[in-house]
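See structure below.
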Amino acid sequence: MPRPPNRRLTVGRVDGGPKRRRRLLRKDGPGFSPAAGREAAAAAAGVEAGPAIISAAEALRAWLEHLEKERRASPRTLEAYRGCVISYLGFLATHRGGTPSLAQMGEVSAADFRAYLAFRRTGAKPLSPRSLSQALSAIRGFHGYLDHRLATPNAALALVRGPRIRPGTPRPISEDQALGLLQEVSDQDDLAPWAAARDLAVLTLLYGCGLRISEALALKRADAPLAESLRIVGKGGKTRLVPVLEAVREAVGAYLALQPFVLGPDDALFRAARGGPLRPRQVQARMQLLRAALGLPERATPHALRHSFATHLLGSGADLRSIQDLLGHVSLSTTQRYTAVDTAGLMDVYARSHPRAQARPRT
């Protein structure tokens with residue numbers, strides 16, 4: 001015989017207590033309302049319900065606070081998610097003829113979602129498929145919060161597919177190009193000696209330790225002089241230990257001896273011309289000038305030095321697990337992308353060097 005439907009969550013006393021809270025958490029149960037659902041969710045979690053949220057903008061602020069305090073999201077992640085959702089809410093206000101309320105966020109249709117994706121793909125500042133996928137991921141996270149914390153589900157979002165993303169490969173530069181960049185930056189005559197030493201120290205950290213540009217610029221005065229290993233806090237707050245080469249320690253030591261500012265232990269190590277913290281855009285601009293001076297391709301960016309660090313290690317016989325730990329990748333599949341670069345290089349050498357590589361097939 002078929003089992004009777006489970007009605008444990010839809011029966012019981014309605015004047016209070018755990019049974020009532022479980023019943024109200026059922027979005028299809030009798031007597032459900034978003035306000036009652038929010039109270040029940042808060043009671044089930046053992047916390048007090050906060051002030052009533054009635055607008056999508058208030059929900060966005062609550063979601064960002066949740067990401068910051070409970071999920072420990074980084075400031076860069078919060079900034080990116082805020083920008084994606086603000087753009088999404090702005091589009092809905094224009095597309096649907098008014099600023100959406102919290103309840104209306106549950107009524108956004110699959111056609112509305114697709115219209116937003118089309119707008120971002122073809123608008124004044126069109127997004128690449130990868131950036132569009134990241135924006136959609138932020139929107140899914142926002143609606144997930146509305147569903148689980150604010151009792152405002154939206155099933156239509158599950159019907160929307162993101163853009164197809166072709167898996168890319170890292171774009172490193174060669175060893176000669178990397179060494180040429182470091183030599184060129186040390187010979188700059190348009191900067192004060194301390195600033196030239198600073199640029200050399202930053203780029204040497206990227207290439208010699210495989211750091212992200214944000215990780216290098218996050219170093220504090222207390223971190224220098226550098227020891228034989230460096231504790232780096234990367235994406236998601238993940239900490240890793242990175243060995244420091246003698247050349248890297250010397251470059252940072254030379255900058256430290258020349259820089260003219262009085263820095264406290266918690267101050268940023270690398271400073272701009274006016275004494276403020278050095279920004280990623282300033283490093284990218286300097287790299288652009290160096291690239292033009294050496295005639296390097298556009299792929300020669302600060303982040304390409306990190307790619308070069310991993311690719312050159314792999315080409316010298318390092319194993320993927322070690323490179324994964326050095327780069328701070330959570331998944332080994334992310335590190336495996338570098339094998340495609342190394343294999344392509346081997347095939348290019350084979351095609352240029354083997355006497356039968358370009359022999360015509362017999363007919």
Leu206 reachable from Leu294 in the ILVMFWY side-chain graph, under 4.5 Å edges | yes

Check: His148 side chain, Gly144 main-chain N or O, donor-acceptor pair, under 3.5 Å | yes

Report the distance from atom CD of Gln183 to atom CG of Leu200, rounding to the nearest 0.5 Å.
-> 9.0 Å

Polar contact flag, side-chain donor to acceptor under 3.5 angstrom, Ser322-Asp319 | yes

Verify, without hydrogens or angle tests, whether Thr152 (side chain) and Leu150 (backbone) share a donor-acceptor contact under 3.5 angstrom.
-> yes

Show the numbers, then the answer: is there a side chain to side chain contact (heavy atoms under 4.5 Å, CB included) between Gln188 and Arg286?
-> CA-CA 10 Å; Gln188 298 175 95; Arg286 176 56 54 178; 2.6 Å; yes

Below 6.0 angstrom between ring centroids: does that apply to His307 and Tyr338?
-> yes

With no hydrogens and no angle check, is any side-chain donor or acceptor of Arg306 less than 3.5 Å from a backbone partner on His303?
-> no

Heavy-atom closest pair (Asp112 atom, Phe91 atom, distance to 0.1 Å) is O-CE2, 3.9 Å

Salt bridge flag under 4.0 Å for residues Asp147 and Arg140 | no

Donor-acceptor contacts under 3.5 Å from residues 121-129 side chains, at least two apart:
| residue | atom | partner | partner atom | Å |
| --- | --- | --- | --- | --- |
| Thr122 | OG1 | Ala118 | O | 2.8 |
| Ser128 | OG | Ser131 | N | 3.3 |
| Ser128 | OG | Ser131 | OG | 3.2 |

Output the distance between atom CD (Glu175) and atom CD (Gln177), rounded to the nearest 0.5 Å.
-> 11.0 Å

Hits for side chain to side chain contact (heavy atoms under 4.5 Å, CB included) against Leu332, two or more places apart or cross-chain, chain-then-number order -> Leu320, Arg321, Gln324, Thr335, Gln336

Residues in side-chain hydrogen bond (donor to acceptor under 3.5 Å, both in side chains) with Ser186, at least two apart?
-> none

Any ring-ring contact (aromatic ring centres under 6.0 Å, His included) pairs touching residues 205-233, not counting sequence neighbours?
-> Tyr207-His312

Group every Ile, Leu, Val, Met, Phe, Trp and Tyr by side-chain heavy-atom contacts under 4.5 Å, then state whether Leu136 and Leu67 land in the same group.
-> yes

Could you tell me the separation between the CG atom of Leu179 and the OG atom of Ser308, rounded to the nearest 0.5 Å?
-> 10.0 Å

Who passes salt bridge (Lys or Arg N to Asp or Glu O under 4.0 Å) against Glu70, sequence neighbours left out?
-> Arg149

Between Ala138 and Trp63, the two heavy atoms sitting closest are O-CH2, 3.5 Å

Looking only at heavy atoms, which two atoms of Ala156 and Ser109 are closest? And how far apart?
-> CB-C, 3.9 Å

Validation: residues 217-226 side-chain donor-acceptor distances under 3.5 Å, sequence neighbours left out:
| residue | atom | partner | partner atom | Å |
| --- | --- | --- | --- | --- |
| Arg221 | NH1 | Ala224 | O | 2.8 |
| Asp223 | OD2 | Lys220 | N | 2.8 |

Do any N or O atoms from the side chain of Arg299 and from the backbone of Pro172 form a donor-acceptor pair under 3.5 angstrom?
-> yes

Here the pair of heavy atoms bringing Pro302 nearest to Ile213 is CB-CD1, 4.1 Å

Does a side-chain heavy-atom distance below 4.5 Å link Val108 with Leu157?
-> no

Quick one: list whatever passes side chain to side chain contact (heavy atoms under 4.5 Å, CB included) with Arg76, sequence neighbours left out.
-> Ser74

Could you list the donor-acceptor pairs under 3.5 angstrom formed between side-chain atoms of residues 255-273 and any protein atom two or more places apart in sequence or on another chain?
| residue | atom | partner | partner atom | Å |
| --- | --- | --- | --- | --- |
| Tyr255 | OH | Leu269 | O | 2.7 |
| Tyr255 | OH | Arg271 | N | 3.2 |
| Gln259 | OE1 | Phe261 | N | 2.9 |
| Gln259 | NE2 | Phe261 | O | 3.0 |
| Asp267 | OD2 | Gly264 | N | 2.6 |
| Arg271 | NE | Gly275 | O | 3.0 |
| Arg271 | NH1 | Ala268 | O | 2.9 |
| Arg271 | NH2 | Gly275 | O | 2.8 |

Could you go through residues 79-89 and list every donor-acceptor pair under 3.5 Å that involves a side-chain atom there, pairing it with any protein atom two or more places apart or in another chain?
| residue | atom | partner | partner atom | Å |
| --- | --- | --- | --- | --- |
| Ser87 | OG | Tyr116 | OH | 3.4 |
| Ser87 | OG | Arg120 | NH1 | 2.9 |
| Tyr88 | OH | His143 | NE2 | 2.8 |

CD1/Ile139 to CG/Leu117 distance, rounded to the nearest 0.5 angstrom?
-> 6.5 Å

List in chain and number order the residues that pass side chain to side chain contact (heavy atoms under 4.5 Å, CB included) with Ala304, two or more places apart in sequence or in another chain; answer none if no residue qualifies.
-> Thr301

Could you grab the distance from atom CG of Leu296 to atom CD of Glu184, nearest 0.5 Å is fine?
-> 9.5 Å

Please tabulate, for side-chain N and O atoms in residues 238-249, each donor-acceptor pair with protein atoms closer than 3.5 Å (sequence neighbours left out).
| residue | atom | partner | partner atom | Å |
| --- | --- | --- | --- | --- |
| Lys238 | NZ | His329 | O | 3.4 |
| Arg240 | NE | Leu326 | O | 2.8 |
| Arg240 | NH1 | Glu215 | OE2 | 3.1 |
| Arg240 | NH2 | Glu215 | OE1 | 2.8 |
| Glu246 | OE1 | Arg249 | NE | 3.4 |
| Glu246 | OE1 | Arg249 | NH2 | 2.5 |
| Arg249 | NH1 | Val244 | O | 2.7 |

Phe309 and Gly208: which non-hydrogen atoms are nearest, and at how many Å?
-> CE1-O, 3.6 Å

With side chains defined as the heavy atoms from C-beta onward, is the minimum distance between Ser55 and Ser101 less than 4.5 Å?
-> no

Heavy-atom side-chain contact between Ile173 and Leu181 under 4.5 Å = yes

Residues passing the side chain to side chain contact (heavy atoms under 4.5 Å, CB included) test with Ala195, sequence neighbours excluded, are Leu191, Arg198

Hey, could you give me the CG/CG distance between Leu305 and Leu205, rounded to the nearest 0.5 Å?
-> 11.0 Å

Nearest heavy atoms of Leu211 and Ala216, plus distance in Å = CD1-CA, 4.1 Å

So do Met105 and Leu92 actually touch side chain to side chain, heavy atoms under 4.5 Å?
-> yes

Any donor and acceptor pair, going by atom type alone, linking the side chain of Glu58 with main-chain N or O of Ile54 inside 3.5 Å?
-> yes

With a 4.5 Å limit on heavy-atom distance, are the side chains of Thr311 and Arg337 in contact?
-> no

Intermediate values then yes/no, side chain to side chain contact (heavy atoms under 4.5 Å, CB included), Leu203 and Met287 | CA-CA 9 Å; Leu203 297 185; Met287 190 72 167; 4.2 Å; yes

Are the side chains of Asn154 and Leu146 in touch, meaning some heavy atoms are under 4.5 Å apart?
-> no

